[in-house]
Amino acid sequence: MYDYEDEDDDLFGDAPTAAAKAQIDFRAELNDDQYAAVTAPDGPAIVLAGAGSGKTRTLTYRVAYLLTQGALPEEILLLTFTNKASREMLDRVEHLTGVASHQFLGGTFHHVGGQVLRSFGDVVGLPRNYTILDDSDSDALLGEIIRESDPDFLKKKDNPKPKVLKNLISFARNVMRPVEEAARARYPSNRDVAEQIAFFAEEYRETKLRRGLTDYDDLLELWLKVLESNDEAATYYQNRFRHILVDEYQDVNVLQASIVDKIAANHQIMAVGDDAQCIYTWRGADLDQILDFPKRHPETTIYKIETNYRSSPQILELANDILESRSIDRSYTKILKPSRPNENLPVFVPAMDAYQQADYVLNRIDRLIDSGARYSDIAILYRAHFHAMDIQMELSRRGTPFVITSGIRFFEQAHVKDLVSQLRFIVNPKDLPAFHRFACLLPKIGEKTASKILNLAETISSKNNIPMVEALATEAVSKKIPADAEEDWDALVETLQAVDEAARTSPPVKVVDLAVNGWYADFIRYTYDNWAHREEDLESLIEFASRYDNLSEMLAELILLSSESGNRVTRSEESCLRLSTIHQAKGLEFPYVFIIGLADGLFPIKRAIDGEGDLEEERRLFYVAATRAEKELFMIFPMLSNQKGTPVRMQLSRFIRELPDTHYEVEKPAPSYRSQGNYGRGNQGYGGKPKYGGGWARRRS
DNA sequence: AGTCGAGTTCTTTTT
DNA sequence: GAACTCGACT
């Protein structure tokens, strides 16, 4: 028998060397479907790899195969969707072939785009030292631009907020449609607004370019623009990359697909994906890209990998049911063939409310642990972060070790951003959001004062032809500083000068060190009572900087890797239970999976039911969730859900209702003392089809 | 005019 | 918890 364990890292021993390449027996280590894809001849190809069919394995072996066929590592471009996926893939390639992962150009689209712009950005007017705005920075910048060009716009409360507008503009850019068109589709009743939004978008674009800034979308948009407007750049990349592999191709948007098509002038693309798992249409992901791939690339070969090595036949049957429920015009048909032994039927649990849901899940987990499972074998998945709140609290109360991929990421923490903004300003003194960020920390300095200071400093800087840092230190500027802020201001300017000096003469470690131990060190000590903890985070930033020899490159990585340290661990070095959104669990697998919050309005989420979102996408999300499970799958429905403090009775999720009830079993949770729901007559009708009697409308006090 | 603190409301998904 | 509103204070 073959060993298809995808996660088995020790398959090839401890010290693979370049010589190991020759030892890979592709025929023996892959099944027929995988082997066909891995050894595919040159030419465009789609690999349709169903959930759990060894997609990552196929991709990594493909890279190894190309190397044995004489391809050089630097000729291979490996594009993924998330940093996690890219790291995992490159590690496994390295492990498999002994070729160090940094020799490949690989990473997320945004990451590679950032690198391309580092070399060719001047073609589109971007300086080499450009800085990248994260989400909240770009929201703030857009807000400022709106306030500048139409001060009344944001005061009207039925006008959309900057964040909403940024998302709308971002969506338009990712699907490569005019902003005005997208705006008109969104606000059909208000023609003026659409026009105005388009105007804001244009101002936003110009401001970013003028100030040497990019947002996430620019990394793709400008990348494509470079390729289209500059033959030298296009030819360079077209010649360099003889093989392009794209992971998760079903989640690619038009912009990304266009970039790939442009680089792959000779059609050497292998696109790997599964149309049933497309869950990013809200970010512009476009199923047509994978469905029409063969049209855009004549003579595409389609490879299907259908044997599932992950889940029990029972879970697969349920997963197939979910796909059956789809109402869609087209898709690639595929059958997932089971290969695992039988297990119990998936379990459906109607719980009284979120408390009982948490109670059930944790009790069930205790039993799993008692019977030999490790915490790391278990995942709790949910649609939105806040659905997990009760479980989180209960886990902390019981002292169960867990990791949560929380909403707040390492680099989005206030103190990290505060510090990074100072570095950004040093690298790119035109980075206005960066200046605002740290200037507003000083007492009596808010948005308005910060703008005045920056304006004045910029005038002085250009008039006297001195660097910005010097301009900030001039008499004229310090006169504008409010009295309460003077002391901080002097210390801040001193730090900035020292950091600026170091940036020109010393490696990034030294620069970051100076910033961390400068003015900001004092600032956090008298601002936060948990300053010690924050200081630790900043120390790790110094450590991070030591891996780079270029400051702007380091900052770019920092922002693009934002999810890297997002895992909040409650206990270190221990086997941990995982709490995750379904989106973040994509590509992962666990023996035991709990999907919570299976109520209409939670999952599928309310907006999708109201028609503002895509119900089909919600269903694909449910499919992704269910196919994470290897042995046992638990689906929990909280009948009462707290909405704005009052419990509201929920409908069972339509995704459960549409499943054949012979494909899962119903388990009633033990009554929980913490739950108020034990009204004496609950739980009727759970023998077969779920049916819900009344009586839950009582309010919780 | 602009900053700041208290109180309120509502949470999608991510590079 | 964070983002927003509102009123008080400088």
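Excluded from the calculations below are hydrogen atoms, water molecules and symmetry mates; all remaining heavy atoms, backbone and side chain alike, are included. So that the names make sense, note that chain A is the first sequence line, chain B the second, and so on, each numbered from 1.
- Distance from the side chain of K452(A) is smallest to dG2(B) among dT14(B), dG2(B), dT15(B).
- Rounded to an integer number of Å, the gap from E248(A) CD to dT13(B) P is 19 Å.
- A gap of 16 Å separates the P atoms of dT14(B) and dA3(C), to the nearest Å.
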Could you walk me through whether D218(A) and R205(A) pass the salt bridge (charged side-chain N to carboxylate O under 4.0 Å, His left out) check? CA-CA 9 Å; D218(A) 285 319; R205(A) 194 187 67 79; over 6 Å; no

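- Here the P atom of nucleotide dT15(B) and the CG atom of D139(A) are 16 Å apart, to the nearest Å.
- Closest to the side chain of F386(A), from the set dT15(B), dT11(B), dT13(B), is dT11(B).
- Residue K444(A) has its side chain nearest to dT3(B) when only dT15(B), dT3(B), dT14(B) are considered.
- A sub-4.0 Å separation between OP1 or OP2 of dT3(B) and a side-chain N or O of T449(A) is present.
- Among the atoms of the strands shown, base atoms are found under 4.0 Å from some heavy atom of D135(A).
- If you find the closest nucleotide of DNA chain B to I605(A) and to T82(A), the one lying nearer the 5' end belongs to I605(A).
- D484(A) has its CG atom 12 Å from the P atom of dT3(B), to the nearest Å.
- The distance from atom NZ of K84(A) to atom P of dT13(B) is 15 Å, rounded to the nearest whole Å.
- Stacking between W282(A) and dT13(B) is present: the aromatic ring centre lies within less than 5.5 angstrom of the base six-membered ring centre, and the two planes differ by under 30 degrees.
- Spacing between atom CG of N174(A) and atom C1' of dT15(B) amounts to 10 Å, rounded to whole angstrom units.
- Side chain of P443(A), nearest nucleotide from dT15(B), dT13(B), dC4(B): dC4(B).
- Atom pair K448(A):NZ and dT10(C):C1' shows a separation of 16 Å (rounding to whole Å applied).
- Between the side chains of S552(A) and N550(A), a donor-acceptor pair is found at a separation under 3.5 Å.
- In this structure, R534(A) forms a cation-pi arrangement with Y528(A), its terminal cationic atom sitting closer than 6.0 Å to the ring centre and no more than 45° off the ring axis.
- At least one side-chain nitrogen or oxygen of T581(A) sits closer than 4.0 Å to the OP1 or OP2 atom of dT14(B).
- For dT14(B), one of the phosphate oxygens OP1 or OP2 lies less than 4.0 angstrom from a side-chain nitrogen or oxygen of Q584(A).
- In E487(A), the CD atom is not crowded: 12 or fewer heavy atoms of neighbouring residues, nucleotides or ligands sit closer than 6.0 Å.
- Nearest-nucleotide positions on DNA chain B place L442(A) closer to the 5' end than the other of F81(A) and L442(A).
- Atom CZ in R147(A) sits roughly 10 Å away from atom P in dC4(C) (whole-Å rounding).
- In this structure, of dT13(B), dG2(B), dT15(B), it is dT15(B) that holds the atom nearest to the side chain of H110(A).
- Atom CD1 of I453(A) is separated from atom P of dG2(B) by 13 Å (rounded to the nearest Å).
- We find that R283(A) and D251(A) are not joined by a salt bridge, their nearest charged nitrogen and carboxylate oxygen being 4.0 Å or further apart.
- E447(A) comes within 4.0 angstrom of the backbone, heavy atoms only, and of no base.
- Under the 3.5 Å distance criterion, with hydrogens and angles disregarded, no donor-acceptor pair is assigned to the side chains of Q392(A) and E394(A).
- Looking at heavy-atom distances under 4.0 Å, F109(A) makes no contact with the nucleic acid at all.
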